[in-house]
Every structure is written in structure tokens, then in C-alpha cells.
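The structure appears right after this line, and notes come after that.
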Amino acid sequence: MSVLLSGADPRLLPEPVLARFVAAATARGGRVAVVVGAGSDPEPFEGIAARLNSAGPVEVEALPLAPGEPLALPDDPARLGGLVVTDVDAGTLLAALGERLAPLARTIRGGLAYLGLGAGSRLAARHAIVSGSLSDGRRIADEASGPGELVLADGLALVGTTIETDTDAHQRLERAVTAVITSPAAYALALDESVTLLVDPVSGSHEALGAGIVQWLHCDGGDVRIRRTRAAPLTPAPTGDAPAAAAGDPAPSPGPTGGPTGVDPSAPASGKASSCP
């Protein structure tokens, strides 16, 4: 699977997650670009570069993200083996990509390995959570989730379901609930910090790996339904290009670019929504 979505600090990513990403990147030549904040402490980039190099023979380069400047992607992103998007400012990244957002998404669906961390995971969705910790002035996530009201925008659309990360560490489940109530994102997937979602962006097949909880949200007819499943324990990355078998508790697919199957309609409603898309 070429798309890996996690909320973990890059220095704390489990070895099996790194191994899966590096295996996919080396199959395409091993050149990996890492999007990091321009002018930020170089230690996070150096840390993830060292860990990627320890997992396999990859050539790692930084792509600094600066407000008001385009992202210095290669002219032909298909020449990359992998792309890592760290927990940068999501709004700045969307502005920096501009019209290149859709071509980049097509390249990822074509096989470019993608590792999203924090904001990088959330931007993989069609309707992406960009920032915000308030809804009509009411707190729906901790302050580290961004100032102001909840903002969603068009993302890479690698999955049809909105992604929320660090649900346990930053109290973001209510932000995911708000997203499905107040936006076109009728489906959301909330991942604990220690969970990584592996997705095939073409077929939509997936597996959730780690030591935490995955929560599937569906807004339907005014009700928000939540089904909780536990991620499967991490195991060494499989060899070859065969798709990984489904792991963990049965869970609905996040879907490739639209029409996600949603959550189990028999799951109990978590509360009454004021409206749903």
C-alpha cells in the first residue's frame, strides 16, 4: 500500500511503518522528499531523514514550506520514489501547491509512496480538516489544533473520507463530529496518535495498524453514528508488491476518491446533529 497516514511524531514512528514506506519508495528509485516548515528547527528533518535511511537505501531531501511561496516540488513529481508531508501548516501547504494539487494526487494514485504525518494525513482527504479548535466559539479540540473556527478545504482526495489525527492526544473527536455535521464531509475517520492507516488509493483497501483506536463517523439523517475498532498490532512489512490483507476488526473502507462505504448503520448514534450534508 503506497499511502500511509499517521499522527505520530516522525521521530517516534514505529519501524514497521517506516519499513513499508521505504520499501514502496525504493521500488520507485528511492528518492524521497520531505515537506518541512521553512526556517524551522532542522532537528525534525534530520531525525526523520536518519530514520528513513536506517530503513533502506533512500536519498532524502527537504522541501521547505514558506508562507507565500510555491513548494519546490520537482518539475516531474513522478521521478520521486516517495513524499513525506510532516505536520506543517495545512493552509500554507495548500496555497503553496495551488494548481499542482490535483496533478500531485494523480501521481500518488499512480504509485508514488506517500507518508502523511499530522496535517499531512488530514490533507489526504477529499474534504480536509485544515485548522481550528472552535465551532461557533465553542471549543471542539485543544488549542494545539489551531486558533479560530474549524476550517475545511479541498485536499488531495486520496480517500473520500475526512481524516482526523491525534484524536486521543489532542481531544479532537468532537472536531471530527463537527466536520461531518457542518461540511460536505458526511464521513470521517478519527485516528489515535499511535495508529497508522495504510491505504491503497486506487482500490480503497486498507488496514489500521498500531496500539490505538480507530473511530468511524457517519452523519446520516441528522444522527452522527460512531463505530470504534481497535487497530491491529504492528508487524514487519510484507515483501513484494502484493496487497496486504485486511487486519484488525472489520471496518468500512475509507474509499478511494469518493463514495466511501461509511460506517456500520447498526452502530449506535452518538448524538443528534443539527444538520447533515
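In this structure S131 satisfies the side-chain hydrogen bond (donor to acceptor under 3.5 Å, both in side chains) test with no other residue, sequence neighbours excluded. With sequence neighbours excluded, the residues forming a side-chain hydrogen bond (donor to acceptor under 3.5 Å, both in side chains) with H170 are D142, listed by chain and number. Taking the side-chain contact (heavy atoms from CB on, under 4.5 Å) definition, one finds that E149 meets it with L134, D136, sequence neighbours left out. Looking at residues two or more places apart in sequence or on another chain, you find a side-chain contact (heavy atoms from CB on, under 4.5 Å) between S133 and R139, A141, S145. Applying the side-chain contact (heavy atoms from CB on, under 4.5 Å) test to P103 and every residue at least two apart in sequence or in another chain returns R106. Looking at residues two or more places apart in sequence or on another chain, you find no salt bridge (Lys or Arg N to Asp or Glu O under 4.0 Å) involving E193. Partners of P74 according to the side-chain contact (heavy atoms from CB on, under 4.5 Å) rule, which considers only residues two or more places apart in sequence or in another chain, are R31, L80. For R51, the salt bridge (Lys or Arg N to Asp or Glu O under 4.0 Å) test picks out E15, with sequence neighbours left out.
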### Task
Kindly indicate, with the supporting measurements, whether the criterion side-chain contact (heavy atoms from CB on, under 4.5 Å) is fulfilled by D200 and H206.
CA-CA 6 Å; D200 183 317; H206 70 285; over 6 Å; no
### Query
Between L189 and T162, does a side-chain contact (heavy atoms from CB on, under 4.5 Å) hold up when you go through it step by step?
CA-CA 6 Å; L189 176 62; T162 290; over 6 Å; no
#### Entry: V36 vs L65, side-chain contact (heavy atoms from CB on, under 4.5 Å): CA-CA, chis, key distance, verdict
CA-CA 6 Å; V36 293; L65 176 67; over 6 Å; no
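Residues I140, L150, L152 make up the rest of the hydrophobic cluster containing I129, defined by ILVMFWY side-chain heavy atoms closer than 4.5 Å, directly or through other members.
Counting heavy atoms from C-beta outward, L209 and V17 have side chains that stay 4.5 Å or more apart. For the pair L83 and T107, the minimum side-chain heavy-atom distance is 4.5 Å or more. Residues F21 and L13 fail the side-chain proximity criterion, which asks for heavy atoms closer than 4.5 Å. In this structure the side chain of L158 reaches within 4.5 angstrom of the side chain of I108, judged on heavy atoms. Counting heavy atoms from C-beta outward, V34 and T86 have side chains that approach closer than 4.5 Å. In this structure, V3 and L115 have side chains that are not in contact, with every pair of non-hydrogen atoms separated by 4.5 Å or more. T165 is not listed as a side-chain neighbour of V195, based on a closest heavy-atom distance of 4.5 Å or more. Looking only at side-chain heavy atoms (C-beta outward), Q215 and L173 come within less than 4.5 Å of each other.
For residues 114-125, the salt bridge (Lys or Arg N to Asp or Glu O under 4.0 Å) pairs, not counting sequence neighbours, are D87-R122. The salt bridge (Lys or Arg N to Asp or Glu O under 4.0 Å) analysis of residues 88-101, with sequence neighbours excluded, yields no pairs.
Each of L5, L94, L101 was evaluated against L123; a single residue qualifies, L94, per the side chain to side chain contact (heavy atoms under 4.5 Å, CB included) test.
The CG atom of L97 lies 11.0 Å from the OG1 atom of T92; values are rounded to the nearest 0.5 Å. Of the inter-residue distances, the one linking L191 atom CG with E164 atom CD reads 8.5 Å to the nearest 0.5 angstrom.
In this structure, H218 and Y187 have parallel ring planes: the angle between them is below the 30° cut-off, well short of the 60° mark.
Of the possible polar contacts, none joining the Y114 side chain to the V85 backbone as a donor-acceptor pair under 3.5 Å is found.
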